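Nothing here was measured: the structure is a model prediction, and the numbers come from that model. Position 1 is the first residue of the sequence; numbering continues from there.
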Amino acid sequence: MDIEQTNSVETPESQEIEDQEKPPCILWTGSLKKTPIVRFRAEALTNDPHLHKVGTKYKMCFKMVDAGSSLVRTILSSHGFQEVHPISRNFNVMWTGPLRSTSVLTNLTKFQRINHFPKSSVLGQKDLLYKNIQNLQLKHRNHRFDFIPPSFVLPDEYNQFSRVISKDQGPWIVKPVSSCQGHGIQLINSLSQISRKDKLLVSRYIQNPLLIDGLKFDIRLYVLVTSYDPLTIYLFKEGITRFATRKYNLTKENMNNRFVHLTNYSVNKKSASFVSCRNPHVEDYGSKWSMSALLNYLKKNGKDTATLMSKIEDVIIKTIISAEGTIALASKSMLAHRKNCFEIYGFDILIDENMKPWMLEVNLSPSLTCDAPLDLKIKANVVADALTITGVECKDPCERQIKGGCTTSETRPCQARNRSFAERLEIFEGVKDEEERSGGYIRIFPREDTWKRYGSLLTNTSLNQALALHLYPEKAVVRESSTYEPQQQVPAYECQLPPLKQTVRRYQEMTRKVSRVAREVRQEIEKPVLVAGSRRPSNTSEKCHHRRREPSQDLNKQPDDLRPRVLCSHHASAGSVQVSEDLLKARFESMKQQEEALLKRRSIEVSNIVAGFSSIYKQAFGETKLL
Ligand code: ADP
């Protein structure tokens, strides 16, 4: 049910916005439902002017740091958000690659959102992930954590591993601890095949993967965490099934054939046998399927997909809980506000022939590249719905400066605050609110059943306990012994995303938009501008210099913000210019440099977007010329 239908309090402002914005792209949250937040829509890619209004009206901004996702950039821009320079502090959303420095977290204002939690590396780094799960197993022996293959962290556990491999030649799979996209991975069955010094994770190779048409596959699932204290985990209903491109076999000759043993898209797209699906109406053809297509296929072949999904939920919840203590503590000490961070994790799950899911790894920055219609359909919703759940407040980020900075309570780390009853209530109601706008995500923790089963594994229990009591009064009892029992009532994971017909229309409109923007930028760059102060030339083509256009603002004044500025189409004419030619030339020179840098950045952005989406366009509609 739409939150705006049930919860909206008719303030004059809300009425005005509701009237203007059709379909609605503002939701109301907070204890009195008076805080407007943006409802992000994947359809925004169609350049719907209604959706654009929201960001423009509130002058909202985003910044990208070490992250090249054109999908995120396009979604935010399509909602009217402006991109600011990576060093600007005036932003509503910051989208970054791996969080290299946590100093940014302590200075955030209440409404600002960033797409990583501090210390998430305990999930993303393969050795730390394995160690944390192992520790949890040691602490909770009545729970099973055998969803991660037996592993050794080298060089620390070199001696133990050498003893094991002398008796059990595997094969074992060796991975550099901080790598991705299949880099540096090899299968081994002898110790001599690896270096003694490198930091590696060696895991038992799962030899009996479930095969479809003789091919190995894994599933990429998207897991959203909006808070670690209390812990709230969402799973996106749809995922991507990624196939290897050569028939599976374990013969010695094929041990090093990456197209047989690795299911990474980045590896298999280089294979001559990679099949891309050009038809956007088909989800179970080629080397990438949707997860629901896989579940339908398995169901048709007599497999119990409800139990499978329940086991996958079990894997995800336990994995996140293995990091909960560390991340909750780091968040308390580093974040100014408990809602500043959210994170979308990419879980890679392998299913074996006994329908047991194995957790291979957790990606902190799952790929949002859209090389096929299926990618766009899923990932655009993954991003848009995550931003909606997170609750991006409609606020002009420059207000934080105009009003003289943050208030004392805003700058205090959340750790220093003793939460009042009202604050706790706000947190709990906030979780309920989040669920109402969860879109394609399903909250898998806390849920009545999952709280009972996993509540006892949490380190930070008080707020979690109170939340569970708030959500499920009388029923929030944690079971002491929790051996795994499959859920009878798993949510409907076979649910489909919006119909494909709409998606196809979206590609067309989006690519048209991208082409138009690219054309505009090209024209902007190539436009000849008359140099002010020169005599009006009789022959324009001879005397015109190819310079950037003069902006209307005072040239000596620095912009108070790094927000991209709209270039003015004002042309200086010789007759009207009264200042000396030298001064004007100097001013032009400095503006030229600034504007060239700006235009360069804009055209790079546009070319990234075009490169990303033109391949989708070709796959969906053939070789029609894009630009
Ligand atoms: P990367 O971060 O480089 O992608 P992964 O841990 O995801 O590394 O492994 C890459 C691929 O290797 C997986 O997609 C999967 O196909 C295969 N793989 C990884 N670990 C195992 C394992 N223990 N057993 C079988 N296959 C594995």
Side-chain angles (χ1 to χ4, degrees), residues 29-31 35 37 105 108 110 113-120 122-123 132 136 139-140 143 223-235 313-314 316-345 386 388-391 412-438 441-479 482:
T29 186
S31 48
T35 311
I37 55 170
L105 300 175
L108 293 174
K110 196 172 177 186
R113 297 286 180 269
I114 174 165
N115 67 326
H116 289 290
F117 282 95
K119 289 267 178 202
S120 263
V122 295
L123 287 170
N132 282 326
L136 208 58
K139 247 166 77 186
H140 301 276
H143 282 266
V223 174
L224 170 72
V225 177
T226 52
S227 158
Y228 271 91
D229 187 25
L231 182 62
T232 42
I233 312 174
Y234 297 82
L235 172 60
E313 283 188 354
D314 179 74
I316 292 169
I317 295 170
K318 284 175 175 165
T319 303
I320 297 283
I321 288 180
S322 76
E324 170 255 350
T326 314
I327 300 180
L329 197 67
S331 303
K332 274 182 190 162
S333 62
M334 290 176 203
L335 294 185
H337 305 278
R338 49 174 300 281
K339 291 298 291 172
N340 284 146
C341 299
F342 67 98
E343 191 143 5
I344 302 171
Y345 299 105
T388 304
I389 298 178
T390 291
R412 262 186 290 166
C414 36
Q415 148 212 32
R417 309 174 63 187
N418 267 335
R419 291 204 173 90
S420 65
F421 175 75
E423 273 180 305
R424 288 162 76 96
L425 194 64
E426 195 179 327
I427 293 173
F428 305 152
E429 286 299 311
V431 176
K432 280 187 178 171
D433 261 12
E434 273 185 5
E435 192 168 30
E436 284 181 81
R437 52 177 193 263
S438 58
Y441 284 91
I442 293 172
R443 196 178 72 218
I444 57 170
F445 188 88
R447 213 171 47 200
E448 203 179 309
D449 59 319
T450 58
W451 167 254
K452 282 183 193 162
R453 191 172 301 142
Y454 308 108
S456 65
L457 300 178
L458 296 167
T459 352
N460 296 291
T461 44
S462 83
L463 210 51
N464 286 298
Q465 176 82 47
L467 170 65
L469 270 171
H470 185 82
L471 296 174
Y472 316 111
E474 295 170 23
K475 291 183 181 166
V477 185
V478 178
R479 258 192 253 165
S482 304

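The closest side-chain heavy-atom distance from S333 to P118 is not below 4.5 Å. Inter-residue side-chain proximity for V431 and R443 is flagged as met; some heavy-atom pair is nearer than 4.5 Å. By the 4.5 Å heavy-atom criterion applied to side chains, L231 and I321 are counted as neighbours. Side chains of T29 and E429 form no contact here, defined as non-hydrogen atoms less than 4.5 Å apart. Using a 4.5 Å heavy-atom threshold, the side chains of S120 and Y345 count as touching.
Rounding to the nearest 0.5 angstrom, the gap separating the NE2 atom in H116 from the CG atom in L105 is 10.5 Å. Atom CG of residue D229 and atom OG of residue S331 lie 8.5 Å apart, to the nearest 0.5 angstrom. Atom CG of L457 sits about 7.5 Å away from atom NZ of K318, to the nearest 0.5 Å.
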message: Could you go through I327 and V122, starting from their C-alpha distance and side-chain angles, then the distance that decides it, and tell me whether this counts as side chain to side chain contact (heavy atoms under 4.5 Å, CB included)?
response: CA-CA 8 Å; I327 300 180; V122 295; 4.1 Å; yes
message: What verdict does the side chain to side chain contact (heavy atoms under 4.5 Å, CB included) test give for S227 and R338, after you've listed the backbone C-alpha separation in whole Å, the side-chain angles of each residue and the deciding distance to 0.1 Å?
response: CA-CA 7 Å; S227 158; R338 49 174 300 281; 3.5 Å; yes
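Using a 4.0 Å cut-off between charged side-chain N and carboxylate O, K432 and E435 make no salt bridge. Salt-bridge annotation for R447 and E313: present, with a side-chain N of the basic residue lying under 4.0 Å from a carboxylate O of the acidic one.
For E343 (side chain) and F117 (main-chain N/O), a donor-acceptor pair under 3.5 Å exists by modelled atom type. For the pair T450 (side chain) and P446 (backbone), a donor-acceptor distance under 3.5 Å is absent. A side-chain donor-acceptor contact under 3.5 Å links R113 to the backbone of K339.
In terms of the side-chain contact (heavy atoms from CB on, under 4.5 Å) criterion, S462 has no residue partners (sequence neighbours excluded). Every side-chain contact (heavy atoms from CB on, under 4.5 Å) that L224 has, sequence neighbours left out, goes to T226, Y234, F342, I344, A386, I389, Y441.
Note: W451 and F445 have tilted aromatic rings, judged against thresholds of 30 and 60 degrees for the angle between ring planes.
When all heavy atoms are compared, the tightest approach of T459 to G325 is OG1-CA, 3.4 Å.
Under the side chain to side chain contact (heavy atoms under 4.5 Å, CB included) test applied with Y454, the options N464, D314, I444, I320 reduce to a single match, D314.
By the neighbour-count criterion of 12 heavy atoms within 6.0 Å, atom NZ of K119 is sparsely surrounded, having that number or fewer from other residues, nucleotides or ligands.
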